[in-house]
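Structure first, commentary second.
Predicted model only: the values in this text are computed from it and were never measured. Letters go in sequence order (proteins before strands), and every chain restarts at 1.
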Amino acid sequence: MEPAFLSRPVTEVARGLIGGILLVDGVGGRIVETEAYDRTDPASHTFRGPTPRNAAMFGPVGRAYVYRSYGIHWCLNVVCGVEPGSAVLLRALEPLAGIEVMRARRGVADPRLLCRGPGRLCQALGITGALDGRAMDQPPFSLEQPGTTFEIITGRRIGLTKGVATEWRFAVSGSAYVSRGAN
DNA sequence: AGACTGATATTCT
DNA sequence: GAATATCAGTCTA
C-alpha cells in the first residue's frame with residue numbers, strides 16, 4: 001500500500017480499495033464493501049471538527065481510525081484523502097485467511113456472516129480501540145492493493161440519518177459477502 | 001420477511 | 001437527555 005494510493009479524493013480511494021486484501025495478524029480477506037466520509041459530509045464524525053475520538057482522522061494518511069459504534073461494536077476506517085478529516089469505512093470482507101479463527105471469535109459458522117458489516121468485520125479480525133491510530137502497513141495490519149479489478153456497484157450509504165442521498169458506498173457487484181445486496 | 005428492542009461510548013444539545 | 005457510520009435476538013404474520 002503506497003501513500004500516493006491513499007492521498008487521493010476519498011471516493012477514489014473507497015473505490016480503489018475494493019478487491020484489496022486486509023489482514024490483522026494473518027486473519028482477514030478481500031475488501032468487498034466500503035464507504036467514504038469527509039469533513040464536508042454531515043454524516044462524518046469529522047464534520048464538526050476534531051474531538052478525542054476522531055483524532056486519527058486528522059492524522060497522517062494510511063493510519064487506522066477505529067471507533068465504537070452504538071457503544072458496543074468497533075468499526076475500522078482507513079485514513080486517506082486529500083484534506084484532513086477524511087477516511088474510508090471498511091464495511092465487509094470476503095474471508096480468505098484464518099477462517100477458523102474468525103468462526104471462533106464470531107461464534108457463527110456461515111462464512112457469509114463472518115465479516116458482513118463493519119461491526120462483524122472488526123469482531124472477526126480482533127480489531128479494537130487498541131489499534132486506533134496504528135499504521136496499516138505495519139504489523140499487526142497488512143493492507144495490499146487489488147491485484148485484479150472487480151465490477152463495482154455504487155449506491156447510498158447504510159445506517160445513517162444525515163447525508164442519506166450521498167452515493168459514497170462501493171461494493172463488489174453480486175458478492176455474497178456484502179452487508180446488504182444492492183446487487 | 002419485516003418490525004421492534006436492547007446493549008451503551010461518545011458527542012452534541 | 002438524545003442521537004448515533006450496529007448487530008442479535010424476539011415477536012408478529
[X] [atom1] to [N] [atom2], straight-line distance once rounded to whole Å:
X        : N      : atom1 : atom2 : value
A/Asn77  : C/dT6  : CG    : C1'   : 14 Å
A/His73  : B/dG6  : NE2   : P     : 16 Å
A/Phe47  : B/dT11 : CZ    : C1'   : 14 Å
A/Tyr65  : B/dT10 : OH    : C1'   : 9 Å
A/Trp74  : C/dC7  : CH2   : P     : 15 Å
A/His45  : B/dC12 : NE2   : P     : 10 Å
A/Gln123 : C/dT6  : CD    : C1'   : 12 Å
A/Tyr70  : B/dT11 : OH    : P     : 16 Å

(message) Here's a test of your reading of the structure: between A/Pro118 and A/Lys162, which maps to the more 5' nucleotide of DNA chain C?
(response)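 Its nearest nucleotide lies further toward 5', so the answer is A/Lys162.
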(message) Of the listed nucleotides (C/dC7, B/dT11, C/dA5), which one gets closest to any side-chain atom of A/Pro52?
(response)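 My answer, after comparing the listed nucleotides, is B/dT11.
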(request) Choose from C/dA5, B/dT8, B/dT13 the nucleotide whose nearest atom is closest to any side-chain atom of A/Ile72. (result)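 Looking only at heavy atoms from C-beta outward on A/Ile72, the closest nucleotide is B/dT8.
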(request) Only one of A/Val88, A/Leu121, A/Ile21, A/Leu143 passes side chain to side chain contact (heavy atoms under 4.5 Å, CB included) with A/Ile31; say which it is. (result)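 Single side chain to side chain contact (heavy atoms under 4.5 Å, CB included) partner of A/Ile31 among A/Val88, A/Leu121, A/Ile21, A/Leu143: A/Leu143.
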(request) Quote, to the nearest angstrom, the P distance that separates B/dG2 from C/dA5. (result)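 Per the computed distance, 24 Å lies between those P atoms.
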(message) Between B/dT10 and C/dA8, how far apart are the two C1' atoms, rounded to whole Å?
(response)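 Straight-line distance between the two C1' atoms is 22 Å.
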Assess whether a salt bridge exists between [X] and [Y], defined as any Lys/Arg side-chain N lying under 4.0 Å from an Asp/Glu carboxylate O.
X       : Y        : answer
A/Glu12 : A/Arg15  : no
A/Asp41 : A/Arg157 : yes
A/Arg39 : A/Glu83  : no

(request) Calculate, to the nearest 0.5 Å, the distance between atoms CG and CG belonging to A/Leu22 and A/Leu17 respectively. (result)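 A/Leu22 CG to A/Leu17 CG: 9.5 Å, rounded to 0.5 Å.
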(message) Nearest 0.5 angstrom please: A/Glu33 CD to A/Leu89 CG, how far?
(response)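 One finds 8.5 Å between CD of A/Glu33 and CG of A/Leu89.
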(request) Convert the base pairs of DNA chain B into dot-bracket notation, remembering that pairs crossing earlier ones are written with [ ] and that bases paired across to another strand are shown as |; include only Watson-Crick or G-U pairs under 3.5 Å. (result) |||||||.||||.
(request) Return the residues of residues 88-105 of chain A meeting this criterion: a heavy atom under 4.0 Å from some atom of DNA chain B. Order them by number, or give none. (result)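 Under 4.0 Å from DNA chain B: no residue of residues 88-105 of chain A.
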(request) Check A/Tyr37 against A/Val10 and note the closest heavy-atom contact, atom names and distance. (result)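 Distance-wise, the nearest heavy atoms are O-CG1, 3.8 Å.
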(request) Locate the shortest heavy-atom distance separating A/Pro9 from A/Val82; write the atom from each residue and the value. (result)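 So the two residues come closest at N-CG2, 3.6 Å.
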(message) Apply side chain to side chain contact (heavy atoms under 4.5 Å, CB included) to residues A/Arg30 and A/Tyr177 and explain how you reach the verdict.
(response) CA-CA 10 Å; A/Arg30 175 178 296 121; A/Tyr177 301 96; over 6 Å; no
(message) Check the phosphate of C/dT4 against A/Ser69, side-chain N and O only, distance under 4.0 Å to OP1 or OP2. Yes or no?
(response)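 Negative; the distance criterion is not met.
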(request) Check whether any side-chain N or O of A/Arg106 sits under 4.0 Å from OP1 or OP2 of C/dA8, and answer yes or no. (result)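 Indeed, a polar side-chain atom of A/Arg106 lies that close.
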(message) Using the six-membered base ring of C/dA5, report whether A/Tyr67 stacks on it, requiring centroids under 5.5 Å and planes under 30° apart.
(response)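 According to the criterion (under 5.5 Å, under 30°), no, A/Tyr67 does not stack.
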(message) Applying a 4.0 Å non-hydrogen cut-off, can you work out what A/Arg68 is touching in the nucleic acid: base, sugar-phosphate, or nothing?
(response)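 Sugar-phosphate, no base atom in range.
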(message) Apply side chain to side chain donor-acceptor pair (under 3.5 Å) to residues A/Arg105 and A/Gln123 and explain how you reach the verdict.
(response) CA-CA 7 Å; A/Arg105 286 173 176 157; A/Gln123 188 182 18; over 6 Å; no
